[in-house]
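Structure first, then comments.
Please read these numbers as outputs of a predicted model, since none were measured by experiment.
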Amino acid sequence: MFTDIPTAILNRMKFLEEKDEKDRKDGTSHWHRLRQITPDTGRFIALMAAATPKGNWIEVGTSAGYSSLWISLACRQLSNTLTTYEIFPAKVEQAHETFSEAGVEDVIHLVEEDALKGLKEINDVSFCFLDAEKDVYLRCYELVIPRMVSGGILIADNATTHKEDLSMMIGRALTDERVDAMVVPVGKGELVCRKI
């Protein structure tokens, strides 16, 4: 999966990594930055997705599509697709450009909609990556977990860097009898939950 990443995907990843780094250095506002995951987090979520049972894969918070590109590697390997939700029009436009340039439009379905609405329509979820505004994490968690298959994996980004903002959601997951959960020290901290 990682030894034969297509050149088009690598090129787009590099472009987004450089743009993200430049925006951070330039002090681009919180709302206009890509705010994407780290490359090691990308590898981690791709590995975890590739190890899930059969089912639907979803992502909450597409941004410019960087994390989706990593997940697309697992999609190709398992002949699966990813449905990803983004509500900000400028980021939807960037994500469409990313998926087109990387050649992954056949395995990624981008939905311009509030995930809190869309998640109510999806069942048999086997993988979910959550990387959106922190105030929706707990609501997304409570929508996804009942819809997950046994052995399904939910990963939430920023569990360390935004620990205070996510304390209710993390606390809920760590004591939720429906899942086994822990925080993994990868990237900005990943809360990993496996549906029992």
Side-chain angles (χ1 to χ4, degrees), residues 1-49 57-75 82 84-105 107-108 110-115 127-138 140-141 154-170 183-192:
M1 187 164 58
F2 301 142
T3 57
D4 59 352
I5 300 175
T7 302
I9 293 179
L10 286 172
N11 288 343
R12 188 62 183 182
M13 284 179 172
K14 185 174 187 237
F15 169 81
L16 293 173
E17 289 164 4
E18 289 172 354
K19 181 173 179 10
D20 187 47
E21 186 178 345
K22 182 181 183 302
D23 286 351
R24 289 174 191 276
K25 283 182 182 172
D26 292 349
T28 302
S29 77
H30 173 78
W31 293 106
H32 293 96
R33 283 198 331 256
L34 297 183
R35 296 160 57 199
Q36 64 197 21
I37 61 171
T38 60
D40 61 333
T41 301
R43 287 177 177 265
F44 178 72
I45 63 174
L47 278 175
M48 295 301 289
W57 291 4
I58 54 177
E59 176 183 45
V60 180
T62 315
S63 190
Y66 182 77
S67 52
S68 308
L69 290 180
W70 284 105
I71 299 168
S72 78
L73 301 176
C75 286
L82 172 70
T84 181
Y85 293 90
E86 180 56 63
I87 59 172
F88 296 109
K91 290 189 175 182
V92 168
E93 188 177 325
Q94 289 176 328
H96 275 302
E97 182 180 304
T98 290
F99 302 150
S100 174
E101 290 196 12
V104 296
E105 291 173 305
V107 294
I108 298 178
L110 174 59
V111 180
E112 187 175 359
E113 178 182 63
D114 186 340
F127 180 75
C128 174
F129 182 56
L130 181 54
D131 187 17
E133 298 307 312
K134 307 310 171 256
D135 61 342
V136 302
Y137 269 48
L138 182 56
C140 288
Y141 175 88
L154 178 146
I155 300 176
D157 193 39
N158 301 115
T160 303
T161 57
H162 291 74
K163 185 177 182 179
E164 210 168 284
D165 296 333
L166 299 175
S167 61
M168 284 184 63
M169 187 262 200
I170 294 170
V183 174
V184 179
V186 173
K188 300 168 189 171
E190 307 304 310
L191 173 67
V192 179

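One distance of note links CG of D114 with OH of Y85; it measures 10.0 Å at 0.5 Å rounding. Rounded to the nearest 0.5 angstrom, F15 CZ and D20 CG are separated by 11.0 Å. Put simply, CH2 on W70 and CE on M1 are 9.0 Å apart, with the number rounded to the nearest 0.5 Å.
Partners of E17 by side chain to side chain donor-acceptor pair (under 3.5 Å), not counting sequence neighbours, listed by chain and number: Y66. A search for salt bridge (charged side-chain N to carboxylate O under 4.0 Å, His left out) contacts involving E18 returns K14, not counting sequence neighbours. In this structure T38 satisfies the side-chain contact (heavy atoms from CB on, under 4.5 Å) test together with D40, T41, K188, sequence neighbours excluded. Residues satisfying the side chain to side chain donor-acceptor pair (under 3.5 Å) criterion with K163, sequence neighbours excluded, are absent altogether. When the side-chain contact (heavy atoms from CB on, under 4.5 Å) test is applied to L10, the partners found at least two apart in sequence or on another chain are I5. The side chain to side chain donor-acceptor pair (under 3.5 Å) search around E21 returns K25, not counting sequence neighbours. With sequence neighbours left out, the side-chain contact (heavy atoms from CB on, under 4.5 Å) criterion links E93 to no other residue. T84 meets the side chain to side chain donor-acceptor pair (under 3.5 Å) test with E59, T62; sequence neighbours excluded. In this structure, the side-chain contact (heavy atoms from CB on, under 4.5 Å) partners of M168, at least two apart in sequence or on a different chain, are L138.
Between the Y137 side chain and the D165 main chain, no donor and acceptor come within less than 3.5 Å of each other. Put simply, the side chain of Q36 gets close to the backbone of L16: a donor and an acceptor are under 3.5 Å apart. Side-chain N or O atoms of E86 include one that pairs as donor or acceptor with a backbone N or O of F88 at under 3.5 Å.
Across every non-hydrogen atom of P6 and L73, the tightest pair is CD-CD2, 4.4 Å. In terms of heavy atoms, I71 sits closest to F127 at CD1-CE2, 3.9 Å. Considering all non-hydrogen atoms of both residues, A46 and A74 come closest at O-CB, 3.6 Å. I9 approaches S72 most closely through the heavy-atom pair CD1-OG, 4.0 Å. What you find for F129 and S67 is that their closest heavy atoms are CE2-CB, 3.8 Å. Closest non-hydrogen pair, A49 versus W57, comes out as O-CZ2, 3.1 Å.
For the pair E113 and I87, the minimum side-chain heavy-atom distance is 4.5 Å or more. Within the 4.5 Å cutoff, the side chain of T160 has no heavy atoms near those of the P185 side chain. At least one side-chain heavy atom of F2 sits less than 4.5 Å from a side-chain heavy atom of L47. Two residues are said to be in side-chain contact when any heavy atoms from C-beta on lie closer than 4.5 Å; L82 and V107 fail this criterion. Between C128 and I155, the closest side-chain pair of non-hydrogen atoms is not below 4.5 Å.
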Would you be so kind as to tabulate the donor-acceptor pairs closer than 3.5 Å made by side chains of residues 96-104, with sequence neighbours excluded?
from: E97; atom 1: OE2; to: R12; atom 2: NH1; distance (Å): 3.1
from: E97; atom 1: OE2; to: R12; atom 2: NH2; distance (Å): 3.3
from: T98; atom 1: OG1; to: R12; atom 2: NE; distance (Å): 2.9
from: T98; atom 1: OG1; to: R12; atom 2: NH2; distance (Å): 3.0
from: T98; atom 1: OG1; to: A64; atom 2: O; distance (Å): 2.6
from: T98; atom 1: OG1; to: Q94; atom 2: O; distance (Å): 3.2
from: E101; atom 1: OE1; to: R12; atom 2: NH1; distance (Å): 3.4

Using side-chain contact (heavy atoms from CB on, under 4.5 Å), reason through N158 and K134 one step at a time and then give a plain yes or no. CA-CA 9 Å; N158 301 115; K134 307 310 171 256; 3.2 Å; yes
Would you please test V60 and D131 for side-chain contact (heavy atoms from CB on, under 4.5 Å) and show each step? CA-CA 6 Å; V60 180; D131 187 17; over 6 Å; no
